[in-house]
Amino acid sequence: MKRNKSWLHRQQKDPYVKTAKKQNYRSRAVYKLQEIDVKDRLFQPGMFVLDLGAAPGGWCQYAAKKIKPGGKVIAIDRLQMEAISGVEFILGDILDTETIKHCLSLTDDKAFDLVISDIAPDLTGIRDTDEARIEELAISVIETTSRVIKSGGDLLIKTFEGSLSGTLKSELSSKFQKVTVRKPKASRDSSREFYMLARGYGI
Ligand SMILES: C[S@@+](CC[C@H](N)C(=O)[O-])C[C@H]1O[C@@H](n2cnc3c(N)ncnc32)[C@H](O)[C@@H]1O
C-alpha cells in the first residue's frame with residue numbers, strides 16, 4: 001500500500017505503534033479493542049467470535065487469546081492475512097454473498113456470541129461517495145450479524161461521524177437491547193471513526 005511521508009512520521013512517533021511492536025501485535029488497532037474490552041468485558045472463554053475486516057489481524061490476535069479455552073474466531077477480510085493460531089480466515093468481500101455463505105458453512109446456525117467489525121471503506125474525501133460507502137458496509141455488517149448471531153449476542157461496529165450515525169444507532173437500537181458509543185483513546189482525535197457497541201441481540 002502506498003503511504004505518504006507524514007503518515008510514516010506519525011507512525012514512527014505513535015506510542016501505540018511502538019507498544020504493538022513490542023507486544024507482537026500486528027496493528028495498533030488492537031489497543032482500541034482492548035480499551036473497549038477492559039471497560040465493557042466483551043469476551044469470555046469459550047465464545048464464538050466473528051471478526052469482519054480483520055486484516056492484518058491485531059483484533060484477531062487479541063480475541064483468540066481471550067476466548068481460550070474452547071472458543072473459536074472466524075475472520076473475514078478482502079485482503080490476505082497471515083495465519084493466527086485459533087483463527088479460521090476467509091478471504092473475501094463481505095458485500096459478496098458467497099463470502100457470507102462460506103462463513104455460515106463453517107458453523108452451526110446462529111452460532112456467534114460476538115461480532116466485531118473494524119471494517120473501513122476506502123475513503124475518497126468526496127462526502128456523498130464516502131457516506132454511501134460507509135452506509136453500504138454498515139448495512140452489510142448488520143445484515144451479516146443478524147444471520148449469524150445468537151439471541152442475546154453482541155456487536156461492536158466501527159462507524160464514522162456524519163449524517164448516517166444517527167440512522168445507524170436507531171437501526172441497532174431496533175435489534176439490540178442497548179447501544180452505547182465508544183471512542184477509545186487509541187482512536188486518533190483527528191479521525192472521524194468511533195465505535196458503537198450493541199448488546200443483547202433480539203432481547
Ligand atoms: C482498519 S482495518 C482492520 C484492522 C484490524 N482490526 C486489526 O486489528 O488489524 C480495516 C479492514 O477492513 C477491510 N475491508 C474493507 N472493506 C471490506 C469488505 N467489503 N470486505 C472485507 N473486508 C473489508 C480492509 O481490507 C482492512 O483490512
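Remember, it's 1-based here, ligands and their atoms both numbered in the order they're listed. Everything quoted here is computed from the prediction, not taken from an experiment.
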Applying a strict under-4.5 Å side-chain criterion to I, L, V, M, F, W and Y, I'd like to know whether Val115 and Phe89 cluster together. no
With a 4.0 Å heavy-atom cut-off, what residues sit around ligand 1? Ser27, Ala29, Gly53, Ala54, Ala55, Pro56, Gly57, Gly58, Trp59, Asp77, Arg78, Leu79, Gly92, Asp93, Ile94, Asp118, Ile119, Ala120, Leu137, Lys158
Arg147/Glu143 salt bridge by N-O under 4.0 Å criterion: no
Measuring from atom CD1 of Ile74 to atom CG of Leu106, what distance do you get when rounded to the nearest 0.5 angstrom? 4.5 Å
Side chain Lys183, main chain Arg188, donor-acceptor under 3.5 Å: yes
Output yes when Asp40 and Lys178 qualify as a salt bridge under the 4.0 Å nitrogen-oxygen rule, no when they do not. no
Test item: Arg182 side-chain N/O and Tyr195 main-chain N/O as donor-acceptor pair under 3.5 Å: no
